[in-house]
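Read through the structure below, which is laid out as structure tokens, and then see the notes.
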Amino acid sequence: MGSVYALIDANNFYVSCERVFDPRLHHKPTIILSNNDGCIIARSEEAKQIPGLKMGVPLFQVEHIIDACGVEILSSNYAVYGDMSQRLMWSLGAFTPALEVYSIDEAFLDLTGCLNNHRDDHYSRDDEETLDDLGRRIKRTVRQWTGLPVSIGFAPTKTLAKLANHLAKRRPELRGVLDLTQADGREEALAQTGVEKVWGIGRAYAKLLQDAGITTALELSRVDRRWARQRMTVVGARIVEELRGVSCLPIECCPPPKRSITCSRSFGMIVESVDELREAVRFYTARAAVKLRRGGLAAGGVTVFIQTNRFSREDEQYANAWTTELALPTDSTPELLGWTLEGLKRIFKTGFRYKKAGVMLHGLVPASPLTIRAWDDKAFQRSRRLMETIDKINGKFGRDTLRFGAVSNDESCGRWRTRFAHRSPRYTTRWSDLVQIAN
DNA sequence: TCTGGGGTCCTAGGACCC
DNA sequence: TCTGGGGTCCTAGGACCC
């Protein structure tokens, strides 16, 4: 048998996480909202059946449907989703170390050779586990260990495994597992899959392909290599190869080092004063810096940006960004704050109604003290020890126990802060939010 | 009234070098 | 008529993913 990849992901991940802790939500149409409760970003199966409740739709446009159909709405609760994601990945790690965490709710597994362990021993053919058996065993295990329902696709390439997973979800008779490692059956599966569903084919390429008369994954797998290379770059050429069963994309067990870190948010309410904007930028800088240090990195460049509400027809629009390269990379919050606040001062213009701001760190390098700053830079080394201490305290007693800069006064009261009107408890990351069971 | 956030990769074209 | 050749680096923009 050749290479075997699996793509495993949770069904309706955010909704499933909520259901683990709130069984009342089972069988009810449920949707999860983006920051500020703005858009629909996840839906239960029941919600998907309701016309109009599409992904990415702003909540205010479908409020009448929500009311009429009794849809449960929840703000997103990333503390819970992040923690459940870890549990999911740990569970999958029990099956193979060759695991690539691809997103918050999905992972690729390299299972090549995992099934043939019994070839030379006393097991008879009938006792051998098939990939389908293995898939169901993984499903059962994950369900038992995390409470999450998952779907699984097996195939000789990652792109085909994605496709198999997609079909496993959409064909109820498969009960969540599809094995496309064998050539027979693959053609039919590809013929049944629209080209726009193929991993790596987005809106633009789907249009390009459809204009060329290519509407199914099977047809895409048969296009001329040079044509694909020319019209869709090497990315497209690889997709075609992968659909033919030629693996071009290996499992990446160790994620490559991050190249940039961003922290940005739309505001809960419109902000006009530079003071409030400064408060938001300070908050985003501190968050980005924590991510930076958690990754053991230092930033060699900083960008700060602000923008007005791009959807507003009445407001005059303004968006600007300021970037600087740092002479010496840093991972110190106060140093980064110095730059982002300086940038804000330069791009802020009075008289605009601001809706969003953000901070980006780039030029990331490992934060080994030897590489980022000389040992005799006493002030810097002291600031690093301070950061380390603050991170430790916040790790132990909760985010923002210690923080930089002024606290909001009653006047501004953090109008920029994200709204989560329907957020569930942080069941797994706050003692006070732990589920209690009466006896 | 109300519209998310955080990433990566690839290419073309310009600037610049010898 | 005809105006070198080859390389690197950077950036902006486009495409994609979840």
Side-chain angles (χ1 to χ4, degrees), chain A residues 7-10 12-14 31-42 54-64 66 73-78 81-82 85 88 100-108 158-159 162 165-166 195-209 228-239 248-249 252 255-270 284 287-288 291-292 295 301 303 305 307-315 321 323 325 353 355-364 415 418-423:
Chain A
L7 187 274
I8 305 182
D9 70 354
N12 316 321
F13 180 58
Y14 293 174
I31 57 173
I32 312 289
L33 304 173
S34 65
N35 280 347
N36 289 314
D37 298 337
C39 299
I40 300 178
I41 55 165
K54 290 202 283 269
M55 282 290 273
V57 173
L59 180 65
F60 73 90
Q61 286 177 6
V62 293
E63 230 137 6
H64 56 290
I66 307 282
I73 60 178
L74 289 164
S75 307
S76 33
N77 189 341
Y78 289 104
Y81 311 152
S85 174
L88 170 63
E100 173 184 343
V101 176
Y102 178 65
S103 76
I104 192 164
D105 79 321
E106 60 189 312
F108 286 102
K158 288 166 91 175
T159 305
K162 267 275 200 188
N165 175 287
H166 176 258
V195 78
E196 73 285 352
K197 303 285 191 226
V198 173
W199 186 41
I201 303 297
R203 255 212 326 251
Y205 284 159
K207 167 114 181 24
L208 177 102
L209 291 167
R229 172 68 183 80
Q230 197 198 332
R231 306 295 295 274
M232 302 162 65
T233 80
V234 296
V235 177
R238 276 199 288 254
I239 293 171
C248 307
L249 305 168
E252 288 182 19
K258 268 194 185 308
R259 305 173 60 85
S260 68
I261 288 172
T262 304
C263 182
S264 76
R265 299 274 187 287
S266 294
F267 302 141
M269 282 185 271
I270 291 291
Y284 304 148
R287 278 286 152 84
K291 289 190 208 176
L292 189 66
T303 297
F305 66 89
Q307 62 193 52
T308 50
N309 182 1
R310 63 196 170 102
F311 295 104
S312 169
R313 297 185 179 245
E314 301 84 51
D315 293 355
T323 297
E325 305 306 320
R353 292 162 52 76
K355 180 62 180 169
K356 185 175 184 177
V359 166
M360 287 158 39
L361 307 177
H362 34 95
L364 305 187
R415 298 158 56 86
T418 314
R419 285 171 311 187
F420 300 95
H422 309 278
R423 185 155 63 191

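A, B, ... follow the sequence lines: proteins, then strands. Residue 1 opens every chain.
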Under 4.0 Å, counting only non-hydrogen atoms across every strand here, what does A/V57 touch: a base, just sugar-phosphate, or nothing? nothing

Need the pair for B/dC18. Rule: Watson-Crick or G-U wobble, both distances under 3.5 Å, any strand; none if unpaired. C/dG5

Which one, B/dG6, C/dC18, B/dT11, comes nearest to the side chain of A/K291? B/dG6

Check whether the ring centres of A/F108 and A/W199 lie less than 6.0 Å apart, and answer yes or no. yes

Length of the line joining A/I32:CD1 and C/dC18:P, which is rounded to integer Å: 19 Å

Report which part of the nucleic acid A/T418 touches: base, sugar-phosphate, or nothing (heavy-atom distance under 4.0 Å, all strands). nothing

NA contact type, A/R419, heavy-atom cut-off 4.0 Å: base, sugar-phosphate, or nothing? nothing

Out of B/dT3, C/dC18, B/dG4, minimum distance to the side chain of A/S34 belongs to B/dG4

Scan A/K207 against the nucleic acid and name what it touches under 4.0 Å (heavy atoms): base, sugar-phosphate only, or nothing. nothing

As a test of reading the structure: which of C/dC18, B/dT11, C/dC16 is closest to the side chain of A/V234, going by heavy atoms? B/dT11

Students often get this wrong, so: under 4.0 angstrom with heavy atoms, is A/D105 touching a base, only sugar-phosphate, or nothing? sugar-phosphate

Give A/R287 one of three labels, base, sugar-phosphate or nothing, depending on what nucleic acid heavy atoms sit under 4.0 Å from its own. nothing

Hey, is A/R203 close enough to A/E196 for a salt bridge, meaning N to O under 4.0 Å? no

Nearest to the side chain of A/F60 - B/dC2, C/dC16, C/dC17? B/dC2

Any carboxylate oxygen within less than 4.0 angstrom of a Lys/Arg side-chain nitrogen, looking at A/K158 and A/E100? yes

Using a heavy-atom cut-off of 4.0 Å across all strands, would you classify A/L33 as base, sugar-phosphate, or nothing? nothing

Need one value for A/E63: base, sugar-phosphate or nothing, where a base atom within 4.0 Å counts as base even if backbone is also close, heavy atoms only. nothing

